[in-house]
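Single-structure report; data block below.
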There are 4 protein chains.
Amino acid sequence: MVKHAHASEDKEKRRNAILGAALSLFLKDTRRLPSAAAIAAKAGLAKGTVYLYFTSKEQIFAALLSREWDAFLATLRRSFAEEPGHPSRAVDRFVDNFVDFLASRTYFLRLDSLGYGLLEANLSPAEFRDFKRSFATSLNRTSAEVDKALALEAGDGLRLLLRSYALARGLFQTLDFPAHILNDSQPEDHPLTGFDFETELRAALVEYWRGALASPPRSPRRRK
Amino acid sequence: MVKHAHASEDKEKRRNAILGAALSLFLKDTRRLPSAAAIAAKAGLAKGTVYLYFTSKEQIFAALLSREWDAFLATLRRSFAEEPGHPSRAVDRFVDNFVDFLASRTYFLRLDSLGYGLLEANLSPAEFRDFKRSFATSLNRTSAEVDKALALEAGDGLRLLLRSYALARGLFQTLDFPAHILNDSQPEDHPLTGFDFETELRAALVEYWRGALASPPRSPRRRK
Amino acid sequence: MVKHAHASEDKEKRRNAILGAALSLFLKDTRRLPSAAAIAAKAGLAKGTVYLYFTSKEQIFAALLSREWDAFLATLRRSFAEEPGHPSRAVDRFVDNFVDFLASRTYFLRLDSLGYGLLEANLSPAEFRDFKRSFATSLNRTSAEVDKALALEAGDGLRLLLRSYALARGLFQTLDFPAHILNDSQPEDHPLTGFDFETELRAALVEYWRGALASPPRSPRRRK
Amino acid sequence: MVKHAHASEDKEKRRNAILGAALSLFLKDTRRLPSAAAIAAKAGLAKGTVYLYFTSKEQIFAALLSREWDAFLATLRRSFAEEPGHPSRAVDRFVDNFVDFLASRTYFLRLDSLGYGLLEANLSPAEFRDFKRSFATSLNRTSAEVDKALALEAGDGLRLLLRSYALARGLFQTLDFPAHILNDSQPEDHPLTGFDFETELRAALVEYWRGALASPPRSPRRRK
DNA sequence: CATGAATGAGGTTTCATTCAT
DNA sequence: TATGAATGAAACCTCATTCAT
């Protein structure tokens with residue numbers, strides 16, 4: 001028997017079920033976004049139902065990404081919330097949390113990387129702008145806390161965050177070798193395979209933050 | 001009248017024509033890879049002919065990317081070739097060359113970013129491995145020169161390069177707002193629009209290298 | 001708050017609200033029948049409620065058409081009711097009323113023309129037969145009055161009416177160029193645009209009736 | 001083994017095969033236009049191949065209609081070509097040819113009637129204009145011959161043709177009861193079933209032309 | 001009676017690639 | 001070698017209608 005989600009609480013639950021189905025399918029094959037039909041089937045819903053909750057397939061993944069982003073930023077914020085007054089400890093915790101989160105959810109960077117391109121190509125400009133804006137808004141909120149916790153000039157936290165994430169995203173894309181690529185291949189075939197994403201990211205962040213905190217991380221010649 | 005390319009010289013020319021057509025089409029709309037039909041038309045060839053020179057559409061873009069990568073790495077190598085014995089000057093030149101190259105060919109990062117995902121999804125695993133390997137080989141060659149020029153331990157140059165490029169790729173993807181997205185929107189809509197890729201990249205690289213050279217850039221707990 | 005229509009008077013009112021909503025929506029875009037969802041929304045009702053009053057979307061338009069048909073036939077009947085004993089005056093009035101009605105409600109012919117096909121495709125055979133029958137019944141009633149007023153043999157009035165309406169419907173379909181088709185086009189592009197439906201219809205009716213009344217309008221070889 | 005139609009003669013043949021498949025499918029169920037997939041299958045072609053010859057499903061039917069229109073008009077022209085100098089004989093032949101053609105190809109009027117609405121709804125405005133224009137052009141050519149043959153004032157032939165066709169189209173739509181509608185029903189259920197399209201059309205045309213030729217068929221108050 | 005969430009069939013079109021010519 | 005016609009899988013989304021609430 002079909003359940004109708006009339007209460008907004010039930011609707012939220014159903015929305016999440018769709019998101020969950022989409023994610024679980026993506027996990028099985030991270031090469032491409034699963035089809036809308038597959039997501040519906042996995043969620044135990046009819047195809048049309050999915051479109052009651054999302055206006056397009058890409059919006060599902062945009063929502064997924066937003067959800068993950070929020071979790072990520074919340075994790076980062078926690079690094080600075082504890083032990084106020086010990087900036088250097090905060091930075092250490094930040095690096096730990098940053099790396100741990102991403103290393104434990106590799107699909108996040110994978111999805112984000114795929115999203116670049118796919119979302120832009122298939123969302124309307126307005127939808128894409130909304131997506132980016134909501135990301136930027138969350139980021140700004142978090143970076144304001146960074147500014148405060150580390151007693152930085154306004155805006156410096158944002159740059160630190162941006163660059164840290166750039167490092168993560170970039171390293172991931174270079175070092176990521178999905179299972180299906182690795183099959184039947186000799187290790188010596190991949191000069192870069194020896195590099196472990198988590199290890200590299202941690203090291204890179206440590207280096208970057210060392211350099212950044214050595215002097216104000218301002219952009220040397222920032223545009224007006 | 002149909003032209004037959006018998007001499008291998010002509011074949012090379014035709015191959016380049018296809019590459020050129022692909023790039024010029026991509027430049028016109030960087031949202032997606034141009035279609036095989038469009039590339040053929042632009043190159044003045046029949047659709048089938050394109051497949052005599054490339055085994056798939058994605059191979060065209062893989063070749064394009066390799067070509068650009070070689071040019072990029074050659075540029076970087078030049079930074080270290082001049083004035084042997086002045087490491088710090090070399091680093092400055094490196095940053096300049098690095099940033100200038102990418103800023104003057106934004107389509108390169110765009111293509112590289114799109115390629116992640118698209119190439120992997122549509123190239124066979126073996127083809128994809130080859131693509132990655134050729135990239136890694138070039139990179140290794142260049143990083144060996146970095147090691148020598150900066151008197152680093154073997155492998156450190158590779159890490160510096162990898163992380164520098166990660167920074168570039170990651171920043172680009174976060175800060176890139178193609179023209180069609182910006183249209184009809186207020187500047188204040190984009191909290192990140194104020195950030196200029198070139199400026200940010202230069203600043204980030206300076207910070208990173210400062211931190212990296214402050215102490216050996218080794219991975220702290222490198223996997224065996 | 002939800003309004004319940006218990007009294008049958010209220011029900012009639014609600015039914016009419018749906019009809020009105022359907023018509024007003026159709027007027028806005030005569031290319032297609034409005035969707036059930038749109039009709040419900042316009043009528044201020046839930047989608048399901050519409051189906052309490054009509055068994056299908058097409059039934060709404062069948063009802064609308066019947067309503068209009070009745071109005072049309074009533075108008076025609078008036079032509080013959082006045083001034084009994086002056087058949088030729090009656091014919092003139094008939095043509096006037098006929099043309100004026102249709103010219104002032106072009107959506108009627110539009111709807112009727114669209115209905116052909118759409119109703120047949122989507123109504124059940126039984127429903128479609130009912131629809132046609134009710135139309136035929138009204139028509140017969142009217143044509144009996146025509147027979148009497150013009151002192152025709154039984155059945156001749158029906159033929160006159162049928163053919164007059166055929167002329168109207170056929171001319172409309174040939175001469176109708178909706179606004180959205182005309183946009184951005186040069187007048188000389190449409191060799192038929194110079195023809196005005198109202199003018200042509202009047203002239204055609206005059207000709208037809210002249211010929212028809214010149215001798216009995218019987219079908220020469222009527223089927224048994 | 002797959003045949004490739006390289007010669008333009010073969011291409012024309014293939015185009016006609018698609019048209020033929022579309023028509024034969026339509027004949028089987030005249031309630032709706034057959035799907036593009038069904039047409040392709042019937043023509044023994046892949047779905048994509050159909051789109052090499054027509055830009056959309058509706059264009060197939062537009063082409064079909066144009067083809068039939070041309071045949072129809074050619075038939076009508078023949079009525080006036082023979083026996084120059086005997087206008088009244090020409091009119092008789094015209095009525096005969098007109099009725100015979102339509103009665104022997106009832107799908108034509110059916111398709112034309114369905115087309116009204118379907119083509120307009122699904123063709124782009126520009127495509128629809130082209131379709132209408134080509135129809136008008138053919139019509140004008142034919143009516144010029146009518147003018148000459150019947151020694152009419154320029155433009156009168158066009159009106160005669162237009163009105164004759166209006167009569168046919170309108171009568172058809174009113175009298176047409178497809179097989180699936182008639183099943184399981186009593187004859188007395190359909191007060192209009194007694195009317196035979198062919199008979200009625202002939203009678204109506206005779207009446208109309210009698211009236212029209214009794215005096216110039218000009219529109220009484222033609223718009224400038 | 002009223003609601004609106006859920007259904008799911010249905011059909012068009014694109015485009016990378018193949019293969020007959 | 002070159003051509004371009006043919007292939008056919010792939011996937012989205014709409015919307016009339018039903019039915020749980």
Side-chain angles (χ1 to χ4, degrees), chain A residues 1-7 10-11 14 32-38 40-41 44-58 122, chain B residues 1-6 10-11 14 33-41 45-58 60 122, chain C residues 1-6 10-11 14 33-41 45-60 122, chain D residues 1-7 10-11 14 32-41 44-58 122:
Chain A
M1 196 183 32
V2 178
K3 287 254 173 60
H4 282 221
H6 276 270
D10 293 337
K11 283 161 85 165
R14 192 145 281 192
R32 61 194 87 247
L33 300 185
S35 77
L45 296 170
K47 247 178 306 181
T49 308
V50 168
Y51 286 87
L52 294 178
Y53 291 86
F54 297 93
T55 56
S56 75
K57 193 184 83 157
E58 274 70 25
N122 297 311
Chain B
M1 207 207 4
V2 175
K3 287 254 176 61
H4 284 230
H6 284 279
D10 290 341
K11 286 168 81 168
R14 207 157 257 205
L33 300 185
S35 76
I39 295 172
L45 297 170
K47 245 180 310 184
T49 307
V50 169
Y51 283 85
L52 296 174
Y53 292 85
F54 294 92
T55 58
S56 76
K57 191 183 84 160
E58 274 71 24
I60 298 174
N122 297 311
Chain C
M1 204 198 17
V2 175
K3 288 254 176 61
H4 284 228
H6 285 278
D10 291 342
K11 287 168 79 168
R14 208 157 257 205
L33 299 185
S35 76
I39 295 171
L45 296 170
K47 245 179 310 182
T49 307
V50 169
Y51 284 84
L52 297 174
Y53 292 86
F54 295 92
T55 57
S56 75
K57 191 183 85 159
E58 274 71 24
Q59 286 285 31
I60 297 175
N122 297 310
Chain D
M1 195 183 28
V2 178
K3 286 256 173 60
H4 282 223
H6 277 271
D10 294 336
K11 283 163 84 164
R14 192 146 280 193
R32 62 194 87 249
L33 300 184
S35 74
I39 295 171
L45 297 170
K47 250 179 305 185
T49 307
V50 170
Y51 285 86
L52 293 177
Y53 291 86
F54 296 93
T55 56
S56 76
K57 193 184 82 157
E58 274 70 25
N122 298 311

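Source: prediction; values computed, not measured. Heavy atoms only: backbone and side chains are in, while hydrogens, waters and symmetry mates are out.
- Note that the NZ atom of D/Lys3 and the CG atom of D/Leu45 stand 12.0 Å from one another [nearest 0.5 Å].
- Summarising the geometry of D/Lys57 relative to D/Leu33, their closest heavy-atom pair is NZ-O, 3.6 Å, with the distance given to 0.1 Å.
- Separating the CD1 atom of C/Ile60 from the P atom of F/dC15 is a distance of 15 Å, rounded to the nearest angstrom.
- Nearest heavy atom pair, residue A/Ala40 against residue A/Lys47, reads CB-CA, 3.8 Å.
- For DNA chain F, each stem of at least three Watson-Crick or G-U pairs (distances under 3.5 Å) is given as range with range: E:2-21 with F:2-21.
- At whole-Å resolution of the value, OH in C/Tyr51 and C1' in F/dA20 are 18 Å apart.
- The D/His4 side chain lies nearest to F/dA6 when the options are E/dT7, F/dA6, E/dA2.
- Taking every side-chain heavy atom of A/Leu52 into account, E/dA6 is the closest of E/dA6, F/dA6, E/dT12.
- Residue-to-nucleotide proximity on DNA chain F shows that, of B/Gly48 and D/Gly48, the 5′-proximal contact is made by B/Gly48.
- Computed from coordinates, the A/Asp10 CG to E/dA5 C1' distance equals 11 Å when rounded to whole Å.
- Across all non-hydrogen atoms, the minimal contact from A/His6 to A/Lys11 is O-CD, 3.8 Å.
- Comparing F/dA2, F/dA5, E/dA6 by their nearest atom to the side chain of D/Ala5 picks out F/dA5.
- Atom CZ in D/Arg14 sits 5.5 Å away from atom OH in D/Tyr53 (nearest 0.5 Å).
- With E/dA16, F/dT3, E/dA6 as the choices, the nucleotide that has an atom nearest any side-chain atom of B/Ala46 turns out to be F/dT3.
- Put simply, A/Arg14 has a side-chain N or O that comes within less than 4.0 Å of OP1 or OP2 on E/dA6.
- Of all heavy-atom pairs between D/Ile39 and D/Pro34, the closest is CD1-O, 4.0 Å.
- Between D/Ser56 and D/Tyr51, the shortest heavy-atom distance links the atoms CA-CE2, 4.0 Å.
- If you measure from atom CG of A/Leu45 to atom P of F/dT18, you get 21 Å, rounded to the nearest angstrom.
- The nearest whole Å value for the distance from the CG atom in D/Asn122 to the C1' atom in F/dT14 is 13 Å.
- Protein atom CZ of A/Phe54 is 12 Å distant from nucleotide atom P of E/dA6, rounded to whole Å.
- Nucleic acid contact for D/Tyr53: sugar-phosphate only, since backbone atoms but no base atoms lie under 4.0 Å from a heavy atom of the residue.
- Looking at heavy-atom distances under 4.0 Å, C/Ser35 makes contact with sugar-phosphate atoms alone, never a base.
- In terms of position on DNA chain E, the residue among B/Ala36 and A/Lys11 whose nearest nucleotide sits closer to the 5' end is A/Lys11.
- Proximity note for B/Ser56 (side chain, C-beta onward) versus E/dG4, E/dT17, F/dA6: the nearest is E/dT17.
- When each of F/dA5, F/dA2, F/dC12 is scored by its nearest atom to the side-chain atoms of A/Lys47, the top-ranked nucleotide is F/dC12.
- Here the nucleotide nearest the side chain of D/His6, chosen from E/dT7, E/dT21, E/dT13, is E/dT21.
- Heavy-atom distances to DNA chain F give each of C/Glu58 and A/Pro34 a nearest nucleotide, and the one nearer the 5′ end belongs to A/Pro34.
- Spacing between F/dT21 and E/dC1 at atom P, rounded to whole Å, works out to 23 Å.
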